[in-house]
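Each remark here refers to the structure printed beneath this line.
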Amino acid sequence: MRRHLLTVILLLSTLPAMAAVPVKDVTLLGLKLRAINTNQVRTHFWRMGGFMEPEASARQINVDIFFPWSRNRELYRLEFHYDPNGRFQWAEARYRWQPHKAVLVHNRPTPLTTDEIARRLAEQLGEPKSVTLRQFANQRYRSYEWEDDTMQVRVDRLDGDPTQPVYVLYRLKTFNYVYEEQN
């Protein structure tokens with residue numbers, strides 16, 4: 001297991017350092033997360049196409065949920081949360097777990113791993129700040145985290161269970177839940 005961990009660390013460290021952007025400038029499907037609001041997210045996904053938004057979240061000001069149906073099929077669900085003024089607070093990108101659906105997307109019978117998703121994020125953000133080896137019921141996997149004073153990005157599995165899907169959590173470190181009155 002150590003050999004695999006060293007291999008992953010070496011792969012992540014060989015990525016070009018120039019391509020790394022600060023964690024606060026991370027993007028998700030072309031959206032610069034730190035600076036977006038509700039209207040920008042909805043407009044972006046409407047123009048991009050290939051995503052369904054359930055009616056229940058379309059009527060809310062603080063949550064947007066999108067399900068890809070013809071674009072980015074490796075994703076199962078995108079969830080955006082906003083403060084009462086409609087500014088971004090956190091987002092979660094959940095990946096598909098079912099192997100029969102992974103065959104449609106990747107032409108292979110195995111689901112995506114945290115290592116693969118972390119490798120993609122490392123191309124954008126550089127080396128992760130921390131890599132944690134997690135174990136549950138004699139199964140092991142690695143979780144990754146990038147962090148700065150503004151934003152935190154975490155690649156992990158739901159509930160810390162290796163049999164659950166991979167998710168990426170993009171979270172602002174400062175939450176603003178005070179409603180600003182418009183004059």
Side-chain angles (χ1 to χ4, degrees), residues 21-108 110-125 128 141 143-147 150-177 179:
V21 298
V23 177
K24 65 182 179 182
D25 294 332
V26 68
T27 60
L28 174 62
L29 297 175
L31 289 168
K32 188 173 179 181
L33 294 176
R34 184 173 49 103
I36 60 172
N37 62 30
T38 309
N39 295 332
Q40 291 169 334
V41 170
R42 290 176 182 169
T43 303
H44 178 76
F45 282 106
W46 181 79
R47 285 185 181 152
M48 196 169 153
F51 291 87
M52 277 187 329
E53 183 176 17
E55 254 185 71
S57 78
R59 295 183 188 148
Q60 293 187 31
I61 192 167
N62 59 348
V63 177
D64 278 328
I65 299 172
F66 298 96
F67 293 97
W69 60 274
S70 69
R71 286 183 178 261
N72 296 81
R73 294 193 57 178
E74 66 189 10
L75 286 171
Y76 170 68
R77 179 173 109 171
L78 289 166
E79 187 172 339
F80 292 86
H81 288 254
Y82 313 98
D83 67 9
N85 302 304
R87 293 180 300 224
F88 173 80
Q89 290 297 305
W90 62 273
E92 178 187 274
R94 190 176 301 176
Y95 289 84
R96 292 190 187 277
W97 171 253
Q98 298 88 355
H100 68 278
K101 292 188 180 179
V103 169
L104 294 174
V105 178
H106 300 289
N107 197 19
R108 65 178 185 174
T110 57
L112 289 169
T113 64
T114 54
D115 299 335
E116 292 175 86
I117 304 300
R119 216 173 295 126
R120 293 178 194 175
L121 278 170
E123 291 174 5
Q124 181 182 6
L125 300 173
Y141 73 95
S143 68
Y144 298 86
E145 190 170 314
W146 290 263
E147 188 174 9
T150 308
M151 177 89 77
Q152 175 186 30
V153 178
R154 175 182 289 155
V155 178
D156 205 345
R157 291 195 177 270
L158 287 177
D159 302 326
D161 184 353
T163 63
Q164 295 295 316
V166 176
Y167 74 92
V168 181
L169 180 69
Y170 304 88
R171 185 178 72 86
L172 283 178
K173 286 186 150 187
T174 56
F175 291 102
N176 181 20
Y177 288 111
Y179 181 69

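Just so we're clear, the structure is a prediction, and the values are computed from it rather than from any experiment. Throughout, numbering of the chain's residues begins at 1 and tracks the sequence.
Between Trp146 and Ala118 the shortest heavy-atom distance is CH2-O, 3.7 Å. Heavy atoms only, all atoms of each residue included: Asp25 and Arg34 are closest at OD1-NH2, 2.9 Å. Taking both residues in full, the closest heavy atoms of Leu33 and Met151 are given as CB-CE, 4.0 Å, listed atom of the first, atom of the second, then distance. Across every non-hydrogen atom of Phe67 and Pro54, the tightest pair is CE1-CG, 3.7 Å.
Here Gln40 pairs with nothing under the side-chain hydrogen bond (donor to acceptor under 3.5 Å, both in side chains) rule; sequence neighbours left out. Looking at residues two or more places apart in sequence or on another chain, you find no salt bridge (Lys or Arg N to Asp or Glu O under 4.0 Å) involving Arg157. Shown here are the salt bridge (Lys or Arg N to Asp or Glu O under 4.0 Å) partners of Asp161, two or more places apart in sequence or in another chain: there are none. The salt bridge (Lys or Arg N to Asp or Glu O under 4.0 Å) test applied to Arg171 returns no partner, not counting sequence neighbours. Applying the side-chain hydrogen bond (donor to acceptor under 3.5 Å, both in side chains) test to Thr150 and every residue at least two apart in sequence or in another chain returns nothing. Applying the ring-ring contact (aromatic ring centres under 6.0 Å, His included) criterion to Phe66, with sequence neighbours excluded, gives Phe45. Contacts of Thr38 classified as side chain to side chain contact (heavy atoms under 4.5 Å, CB included), with partners at least two apart in sequence or in another chain: Arg42, Asp64, Tyr82. Not counting sequence neighbours, the partners of Glu92 by the side-chain hydrogen bond (donor to acceptor under 3.5 Å, both in side chains) test are Arg94.
Atom CZ of Arg119 sits about 6.5 Å away from atom OG1 of Thr113, to the nearest 0.5 Å. If you take CZ on Phe88 and NE2 on His81, they are separated by 10.0 Å, rounding to the nearest 0.5 Å. Atom NZ of residue Lys24 and atom CG of residue Leu125 lie 13.0 Å apart, to the nearest 0.5 angstrom. Atom CG in Leu29 sits 4.5 Å away from atom CE in Met48 (nearest 0.5 Å). Atom CD in Glu145 sits 4.0 Å away from atom CD in Gln152 (nearest 0.5 Å). For the atom pair CG (Leu31) and CG (Leu78), the distance works out to 9.5 Å, reported to the nearest 0.5 Å.
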Exercise. Show your reasoning for whether side-chain contact (heavy atoms from CB on, under 4.5 Å) applies to Leu169 and Asp156.
Key: CA-CA 8 Å; Leu169 180 69; Asp156 205 345; over 6 Å; no
Practice problem: Under the side-chain contact (heavy atoms from CB on, under 4.5 Å) rule, what do Gln124 and Val153 come out as? Steps first, then yes or no, please. | Solution: CA-CA 12 Å; Gln124 181 182 6; Val153 178; over 6 Å; no
Exercise. Decide yes or no on side-chain contact (heavy atoms from CB on, under 4.5 Å) for Glu147 and Val23, but give the supporting numbers first.
Key: CA-CA 6 Å; Glu147 188 174 9; Val23 177; 5.8 Å; no
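Between Val21 and Lys32 the shortest side-chain heavy-atom distance does not fall below 4.5 Å. Proximity of Arg96 to Leu112: side-chain heavy atoms (C-beta onward) are nowhere separated by under 4.5 Å.
If you check the side chains of Tyr144 and Asp115, you find a donor sitting under 3.5 Å from an acceptor.
Between the side chain of Asp83 and the main chain of Asn85, a donor-acceptor pair closer than 3.5 Å is present.
Between Tyr167 and Tyr95, the gap from one ring centroid to the other reaches at least 6.0 Å.
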